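Below is one structure, written out as structure tokens; comments come after it.
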Amino acid sequence: MNLLKVIKERKSIRAFKPDPIPKERIEEILKLAILAPSAINLQPLEFIVVTGEEKERLGRRLIKAYKEKQIACSPGNVKPLPKTYGKRGAKTLELMKPFFEEMGVDIDQFINEGSCNFYGAPVAILICLDDSFPKARMVDIGLGLGYLVLTAHEFGLGTCPIGLIVAYEDEIKDLLNIPENKNVVIGVALGYPDWDIPINRFKSPRDELSKFIRWID
Ligand SMILES: Cc1cc2nc3c(=O)[nH]c(=O)nc-3n(C[C@H](O)[C@H](O)[C@H](O)COP(=O)(O)O)c2cc1C
């Protein structure tokens, strides 16, 4: 497949088949993800790959934490969001609605509990960053995440970045024995997409390019 096709086709997948992914394939994807550029080639990415019964345990623990604390998606804005961004999020949720109606599920519950369970994917990847790094190294993590999701798509696998779980970082660190000095930045669900589930037909839109650019000539 060529890169442009992969970039255009990739989308977040929110229902997976339970079929396991061979360890070699996961390693192949991560080997390509670490080719992402990083400042001074520091390569700050750290992956924790959780599979099998441990992944199920993680999902159960996070759903329990979500039910107790009810911290919804996108916590952590430092100021009220400018309208442009709020509108984009609201529009995306609106466009997702018919798919959830077809599935007969509550959108809030599906997204929050689904995220906590990595949408049933057989593999949960947590990307961590040593806490000695400044915030600027989040850029490097984002690049690695980008490479990861595109590479997975090339191999016919689906992904969904899962930021919601970071609200329950303490639970994750406790369950998976992650050292205190490592921050869990983002999770990723990885698995074979279940194309029979309506939400996987959803493709999110993007605003027109002019909204993103200010040319200075
Ligand atoms: C940093 C980050 C965190 C995200 N967290 C979640 C999440 O917790 N749950 C979820 O369902 N999707 C999550 N997503 C997926 C976004 O909702 C998705 O990327 C966005 O709607 C655009 O859709 P697309 O990935 O299909 O192009 C996250 C994406 C990113 C980049």
Side-chain angles (χ1 to χ4, degrees), residues 4-16 33 36 45 47 50 58-59 61-63 65-67 69-78 81 84-100 103 105-121 123-129 135 137-154 157-169 171-172 183-191 193-195 197-209 211-212:
L4 300 189
K5 191 166 184 284
V6 173
I7 290 174
K8 284 179 192 161
E9 271 186 13
R10 184 224 54 89
K11 60 182 186 174
S12 291
I13 293 298
R14 292 188 176 84
F16 294 87
L45 293 161
F47 301 109
V50 191
L58 175 63
R61 177 89 173 249
L62 288 170
I63 288 177
Y66 166 71
K67 284 183 174 163
K69 298 182 188 160
Q70 298 276 325
I71 306 170
C73 256
S74 296
N77 293 329
V78 289
L81 279 190
T84 318
Y85 306 114
K87 270 196 214 153
R88 287 177 185 160
K91 183 179 170 192
T92 303
L93 285 176
E94 197 54 38
L95 291 170
M96 279 178 157
K97 242 188 195 166
F99 297 92
F100 289 121
M103 291 163 69
V105 298
D106 174 73
I107 181 163
D108 237 45
Q109 190 182 4
F110 185 89
I111 290 186
N112 287 300
E113 292 188 20
S115 293
C116 288
N117 190 34
F118 297 82
Y119 292 110
V123 181
I125 300 175
L126 304 169
I127 309 183
C128 298
L129 180 68
K135 266 192 197 154
R137 292 289 69 73
M138 291 288 189
V139 175
D140 312 51
I141 299 286
L143 275 162
L145 171 68
Y147 273 46
L148 193 168
V149 296
L150 292 174
T151 305
H153 183 82
E154 165 73 27
L157 290 162
T159 55
C160 188
I162 310 276
L164 177 124
I165 55 157
V166 176
Y168 308 108
E169 188 179 13
E171 313 273 344
I172 299 173
N183 290 325
V184 179
V185 178
I186 185 84
V188 188
L190 176 72
D194 185 340
W195 295 116
I197 306 294
I199 190 59
N200 280 346
R201 296 202 307 269
F202 173 71
K203 175 90 170 151
S204 63
R206 294 295 184 271
D207 230 335
E208 58 191 74
L209 184 62
K211 301 266 174 63
F212 296 81

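All ligand and atom numbering here is 1-based and tracks the order in the structure. Given the structure is predicted, the values throughout are model-derived calculations rather than measurements.
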Element-labelled atoms of ligand 1 that are located less than 4.0 Å from some non-hydrogen atom of [X]:
X    : result
S204 : 22 (C), 23 (O), 24 (P), 26 (O), 27 (O)
S115 : 7 (C), 8 (O), 9 (N), 10 (C), 11 (O)
I162 : 5 (N), 6 (C), 7 (C), 8 (O)
L164 : 8 (O)
I186 : 1 (C), 2 (C), 3 (C)
C160 : 10 (C), 11 (O), 12 (N)
K11  : 26 (O)

Take every heavy atom of Y119, measure it against each atom of ligand 1, and state whether any distance is under 4.0 Å. yes
Any R10 heavy atom less than 4.0 Å from ligand 1: yes
Is K97 salt-bridged to E94, going by a charged N under 4.0 Å from an acidic O? yes
Any N or O on L145 sitting closer than 3.5 Å to an N or O of ligand 1? no
Answer side chain, backbone, both or neither: which part of K203 comes under 4.0 Å from ligand 1, heavy atoms only. neither
Ligand 1 contact on R206 by region, counting heavy-atom pairs under 4.0 Å: side chain
Indicate yes or no for a side-chain donor-acceptor contact from N112 to the backbone of D108 under 3.5 Å, with no hydrogens or angles considered. yes
So, K203 side chain and R10 main chain: donor-acceptor pair closer than 3.5 Å or not? yes
Between the CZ atom in R88 and the NZ atom in K211, the distance rounded to the nearest 0.5 Å is 7.5 Å
Please determine whether the number of non-hydrogen atoms from other residues, nucleotides or ligands lying under 6.0 Å from atom NZ of K69 exceeds 12. yes
